[in-house]
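When a residue number appears, it is its place in the shown sequence, counting from 1. These values consider heavy atoms only, across backbone and side chains, with no hydrogens, waters or symmetry-generated copies.
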Amino acid sequence: MWTWSGAAAVPGSGTALQRTLVYVGVAAATPGSVAHTPQEFAQKMADFAAEQGRARGVAAEGLALTSHDPTTDLDPTLLKAIEETGADLVVMASHVPNLTDYIWPSNGGTVAKRASVSVMVVR
């Protein structure tokens with residue numbers, strides 16, 4: 001999930017538009033294929049965000065969140081991150097719907113439905 005947050009410029013005020021692109025990742029505290037520890041995951045998120053920020057010429061930061069079970073509590077964790085970062089736009093990746101999406105709601109759909117800000121779900 002990416003969030004775009006910051007203060008908007010006031011027209012005619014001479015203030016610059018200041019935005020920060022925040023890359024948010026959620027992982028379990030247990031070792032996984034991405035990282036062995038939450039600290040390693042946080043460092044990888046920070047490195048990824050810095051690289052993306054340099055490539056795009058924007059301020060960027062990584063926010064690594066640890067969840068007991070990301071499969072079951074991903075949506076509340078992401079919604080909390082939206083509030084904590086002060087995001088005013090969220091961009092999330094999606095997938096081609098399959099049979100299970102008709103039984104269980106998608107993460108992107110749930111976040112879009114419950115978030116207090118605009119959410120763009122990209123397939």
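For the side-chain hydrogen bond (donor to acceptor under 3.5 Å, both in side chains) test, no residue two or more places apart in sequence or in another chain qualifies with Arg54. Listed by chain and residue number, Arg56 satisfy the side-chain hydrogen bond (donor to acceptor under 3.5 Å, both in side chains) test with Gln52 (two or more places apart in sequence, or in another chain). Residues satisfying the salt bridge (charged side-chain N to carboxylate O under 4.0 Å, His left out) criterion with Glu40, sequence neighbours excluded, are Lys44. Under the side-chain contact (heavy atoms from CB on, under 4.5 Å) criterion, Thr100 pairs with Asn98, Trp104, not counting sequence neighbours. Partners of His68 by side-chain hydrogen bond (donor to acceptor under 3.5 Å, both in side chains), not counting sequence neighbours: none found. Under the rule for a side-chain contact (heavy atoms from CB on, under 4.5 Å), the partners of Ala64 that lie at least two apart in sequence or sit in another chain are Phe41, Ala42, Met45. In this structure Ser116 satisfies the side-chain hydrogen bond (donor to acceptor under 3.5 Å, both in side chains) test together with Glu83, sequence neighbours excluded. Taking the side-chain contact (heavy atoms from CB on, under 4.5 Å) definition, one finds that Pro97 meets it with Asp101, Arg123, sequence neighbours left out.
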Give every donor-acceptor pair under 3.5 Å between a side-chain atom in residues 70-79 and any protein atom, sequence neighbours left out.
unit_1: Thr72; atom_1: OG1; unit_2: Asp69; atom_2: O; d: 3.2
unit_1: Thr72; atom_1: OG1; unit_2: Asp69; atom_2: OD2; d: 3.4
unit_1: Asp73; atom_1: OD1; unit_2: Ser67; atom_2: OG; d: 2.4
unit_1: Asp73; atom_1: OD2; unit_2: Ser67; atom_2: OG; d: 3.1
unit_1: Asp75; atom_1: OD1; unit_2: Asn107; atom_2: ND2; d: 2.7
unit_1: Thr77; atom_1: OG1; unit_2: Asp73; atom_2: O; d: 2.7

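Residues Val119 and Ala115 share a closest heavy-atom pair of CG2-CB, 3.8 Å. The heavy-atom pair separating Ala60 from Gly53 by the smallest distance is CB-CA, 3.7 Å. Closest heavy-atom contact between Ala87 and Val117: O-CG1, 3.1 Å. Contact between Ala29 and Pro38 at its shortest, heavy atoms only, is O-CD, 3.8 Å. Between Ser94 and Val121, the shortest heavy-atom distance links the atoms CB-CG1, 3.4 Å.
Annotation: salt bridge (Lys or Arg N to Asp or Glu O under 4.0 Å) contacts involving residues 58-68, sequence neighbours excluded, are absent.
Atom-to-atom distance recorded for Glu84:CD and Leu63:CG is 7.5 Å, nearest 0.5 angstrom. Rounding to the nearest 0.5 angstrom, the gap separating the OG1 atom in Thr110 from the CE atom in Met92 is 8.5 Å.
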